[in-house]
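Written below as C-alpha cells is the structure these notes are about.
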Amino acid sequence: MPTSFSISGRIINIHDQEIYEGTVHVSNGRISKIVREATAATDYILPGFVDAHVHIESSMLVPSEFARLAVPHGTVATVSDPHEIGNVLGLKGVEYMIENGNKVPFKFYFGAPSCVPATPFETAGAEITAADIEKLFQRDDIKYLAEMMNWPGTLQRAPDVMEKIALAQKYGKAVDGHAPGLRGEQARQYASVGISTDHECFTAEEALDKLDAGMKILIREGSAAKNFEALIPLLPEHYQHIMFCSDDKHPDNLVEGHINLLVKRALAAGNDLFHVLQAACVNPVEHYKLEVGLLREGDAADFITVDNLDNFNVQATYLDGQIVAEHGKTNIAFSESEDINNFNTDLKSPEEFAVLAGGATKIRVMEAFDGQLITKQQWAAPKVESGFIVPDLAQDVLKLTVVNRYENAAPSVAFIKNIGLKEGAIASSVGHDSHNIVAVGVDDESIAKAVNLIIQSKGGVAAVGKGVQQLLPLPVAGIMSAEDGYSVAAHYSAIDRMSKDMGSKLESPFMTLSFMALLVIPSLKLSDKGLFNGDEFKFVSVAEIN
C-alpha cells in the first residue's frame, strides 16, 4: 500500500448524519483531507465496525488469526476481555494476547480482567490480583477494567471489588459490567460505583432499568448467547447508549460474519442507518477512548467500503491506510505463534464418573437453553441401574462432568437436560471461566474417552460416537489453536456436525457446553468442586432422599 492514496465514493458521515459524494485522501496512514466532489464511484465509504465486547479466546484462535478472519467482514477493532486465558495463565496470558495481537495490522484493545478466578467455588489455573491490575493499567494499551462479574460483591461493596474499581478510576479507565438479571434498585446500586456497561441483558425491561441507571447496553449476538431480537427495539430511542458485541464467537461463525451481520439485521428491521452505525462504529470508540479512525480529517485511516446500503456487502477494509481485506478475502498473512499452556491431570477411568444411587428418590437436573447462557433447575426421578444413577435418554437426561485440568482430582458429576445426544459424548477444555474440562454424554465409557482425548492433547474439543471419534487440538492455554484460522474453522465445523449427527439439536452444542460451568450465570451450574446454585451462590446436592 503506498504511503499516500485517494479513494472516492459516497461518504457516510455518521456524526453529521449525512451522505455525500467525495474523495478521501490518505497520507502516512491518516486521513489528510476529505473533499466533497462529484464522483463516478458508487461504493459507500464509512468507518469500520467495532466489536464492543468479545473474548478472543472463544474463537479458539489466537488474536493474529482472529484478525485474519474478522477483517473481511469490516471489523477494524475489538474491545477484548482476556479473562479466559487469564484464568489459565494469569498475567502471563494477558501479555501473550497483547503481544500476539501486535503481530498483525488490527486494533485489539484489551482490558484488565477483574475476576480471576471468577469465583472461589472452582479451581482456576491462576489469579490476577489488584496489584497485577495496577501493573496492567500503567500500559497505554489496556483500556478498561474488564467485566465485573462479581455483582454480589459489588452490591455489598466488598473491599477487593472496590479496590479494583478504584484503580480503574485512578487511571481513567472505563469499568465494564456483568450483571445478568439485575433490575431496579439493585441495578442502580451496581451502576453507582462506576460500572459503565452491561452485555448480559436478556430482556428489554432489564436493559431499560440499566439504561436508567446510567449504563450503556451492549446488544450481544454470539455463538451461544443471542439477545439481538429482545434488545434491538431499544435502538431508536437509545442509539447513543447502545453498542453491538459478540461476546463469544466460535470460528465457524466468525467465517460467516461478525458485527456486519448485526448491522444488516438492524437495518432490515427498519432502523435508521445513522443510528445503527452509531452503535456499530462510533459508540465503542468514544466510550473506551480507542485510537480508531471515524472517517474525519486527521483520523487514522480505518474505514471500509460497502457496495450498497441494503445488503451491506463489505468490499474492502482499511486499517491505518493499509488494505487488509478485499472482496471477502483477508490480506493479513499467517504468522507463527508459540504455544503456552497449563495442563496437569492424569487420564480418567469410566468408573470415576459413576454416581451411586444411595437410595436417592430425586435428582437435580440442569436445564440448558439454546441461545442462552442461563439454565434452570428441574427435579427428576433418577434412573438407577445396578445401584448407580445413569443417564435417562428417554427423558433426555444426560450425565455432565467437570474435570479439574490443573491437578488430579475426582471428577464432579451432575445431570443435564436439552443437550439431546443419543449416543457417545462430547468434551471441551473451553469451559468458562476456569477452563477445566467439561463433558456430557450418554454413558461413562464414552465420557471417559472424550475427556481423555482432551487430556492427551492438553486441550481441545472432542466428540466420541459409535466407533468414531474426532479431536480439534487447542494447545495454546488449552483453549486456542495457533493454526490457520480457516482450517481451524473447518475442523471445528466437522466436529460440530458430528455432535449433531449424534442427536444434539442445539445450534452450537460446544458453545452451550462451555457455559455449563460458568457459575456467575444462574441458575444451576457445575464446577470441578460440585453442583452450584448461581442464584444463592452456594453448592447444592445432586441427589436427595425424600
Side-chain angles (χ1 to χ4, degrees), residues 1-51 67-78 104-107 244 254-268 271-282 284-285 290-332:
M1 172 63 64
T3 57
S4 298
F5 69 96
S6 301
I7 181 171
S8 298
R10 302 172 185 178
I11 297 168
I12 301 180
N13 180 338
I14 303 173
H15 288 90
D16 295 330
Q17 298 197 359
E18 62 173 336
I19 301 175
Y20 59 87
E21 293 184 1
T23 300
V24 178
H25 297 271
V26 176
S27 179
N28 296 320
R30 306 196 77 83
I31 296 174
S32 58
K33 185 168 53 174
I34 299 176
V35 178
R36 292 175 182 260
E37 60 185 6
T39 174
T42 58
D43 280 354
Y44 292 83
I45 308 171
L46 66 151
F49 304 130
V50 180
D51 190 332
R68 293 183 68 235
L69 271 61
V71 290
H73 308 307
T75 306
V76 297
T78 59
V104 293
F106 186 86
K107 299 194 172 182
F244 293 141
L254 186 57
V255 169
E256 295 168 357
H258 196 194
I259 300 301
N260 62 316
L261 299 181
L262 303 191
V263 170
K264 290 181 183 182
R265 287 175 62 184
L267 292 172
N271 286 284
D272 177 83
L273 170 69
F274 295 106
H275 293 175
V276 173
L277 296 183
Q278 180 87 21
C281 310
V282 176
V285 173
L290 310 181
E291 294 87 4
V292 175
L294 292 173
L295 204 61
R296 300 170 296 193
E297 290 184 355
D299 279 0
D302 308 324
F303 55 84
I304 65 176
T305 61
V306 301
D307 58 354
N308 64 75
L309 300 184
D310 293 319
N311 298 324
F312 241 82
N313 298 312
V314 177
Q315 302 300 294
T317 303
Y318 295 81
L319 272 157
D320 291 323
Q322 179 180 344
I323 187 165
V324 293
E326 296 176 273
H327 305 296
K329 303 293 183 182
T330 188
N331 288 343
I332 299 177

Looking at every non-hydrogen atom in both residues, tell me the closest pair between [X] and [Y] and how far apart they are.
X      : Y      : result
Gln278 : Ile14  : OE1-CG2, 3.9 Å
Ile323 : Ala316 : CD1-CB, 3.9 Å
Phe244 : Val276 : CE1-O, 3.8 Å
Ala280 : Val263 : CB-CG2, 3.6 Å
Ala67  : Val104 : CB-CG2, 3.8 Å
Pro47  : Cys281 : O-SG, 3.6 Å

**OP:** Could you pull out all residues at least two apart from Asn313 that satisfy side chain to side chain contact (heavy atoms under 4.5 Å, CB included)?
**Re:**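 Expected list: Lys264, Asp307, Asn308, Asn311, Gln315.
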Original post:
Got a sec, which residues hit side chain to side chain contact (heavy atoms under 4.5 Å, CB included) with Asn13, two or more places apart in sequence or on another chain?
Top reply: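 Residues passing side chain to side chain contact (heavy atoms under 4.5 Å, CB included) with Asn13: His15, Asp16, Glu18, Tyr20.
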Is there a side-chain contact between [X] and [Y] in this structure, where contact means two heavy atoms from C-beta onward sitting under 4.5 Å apart?
X      : Y      : value
Ile11  : Ile34  : yes
Thr317 : Val76  : yes
Asp43  : Arg10  : no
Arg36  : Glu21  : no
Ile332 : Val71  : yes
Leu294 : Phe303 : no
Phe106 : Thr78  : yes

Calculate, to the nearest 0.5 Å, the distance between atoms [atom1] and [atom2] belonging to [X] and [Y] respectively.
X      : Y     : atom1 : atom2 : result
Asp272 : Gln17 : CG    : CD    : 6.0 Å
Phe274 : Ile19 : CZ    : CD1   : 4.5 Å
His258 : Phe49 : NE2   : CZ    : 11.0 Å

**OP:** Show your reasoning for whether side-chain hydrogen bond (donor to acceptor under 3.5 Å, both in side chains) applies to Ser32 and His25.
**Re:** CA-CA 6 Å; Ser32 58; His25 297 271; 5.7 Å; no
Short side-chain to backbone donor-acceptor contact, [X] and [Y], under 3.5 Å:
X      : Y      : result
His73  : Gly328 : no
Arg30  : Ala301 : no
Asn271 : Ala266 : yes
Ser8   : Thr39  : no

**OP:** Apply side-chain contact (heavy atoms from CB on, under 4.5 Å) to Ile259 and Val50, showing your working.
**Re:** CA-CA 7 Å; Ile259 300 301; Val50 180; over 6 Å; no
Original post:
Got a sec, which residues hit salt bridge (charged side-chain N to carboxylate O under 4.0 Å, His left out) with Asp320, two or more places apart in sequence or on another chain?
Top reply: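 Expected list: Lys107.
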Original post:
Parallel, tilted or perpendicular: which describes the rings of Phe5 and Tyr318, with under 30° parallel and over 60° perpendicular?
Top reply: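 Ring orientation, 0 to 90° scale: parallel.
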Subject >> Polar contact flag, side-chain donor to acceptor under 3.5 angstrom, Thr23-Glu37 >> reply: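 Thr23 vs Glu37: donor-acceptor pair found between side chains.
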**OP:** Would you please test Leu295 and Ile12 for side-chain contact (heavy atoms from CB on, under 4.5 Å) and show each step?
**Re:** CA-CA 8 Å; Leu295 204 61; Ile12 301 180; 5.6 Å; no
Original post:
Leu309 and Leu267: side-chain contact (heavy atoms from CB on, under 4.5 Å), yes or no, with the steps?
Top reply: CA-CA 9 Å; Leu309 300 184; Leu267 292 172; 5.7 Å; no
**OP:** Going by the side-chain contact (heavy atoms from CB on, under 4.5 Å) test, name the single residue among Leu319, Asp299, Val282, Asp302 that passes it with Val292.
**Re:**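 Exactly one option meets the side-chain contact (heavy atoms from CB on, under 4.5 Å) with Val292, and it is Asp302.
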Original post:
Would Leu46 and Phe312 satisfy side-chain contact (heavy atoms from CB on, under 4.5 Å), going step by step from the backbone distance to the final call?
Top reply: CA-CA 11 Å; Leu46 66 151; Phe312 241 82; 3.9 Å; yes
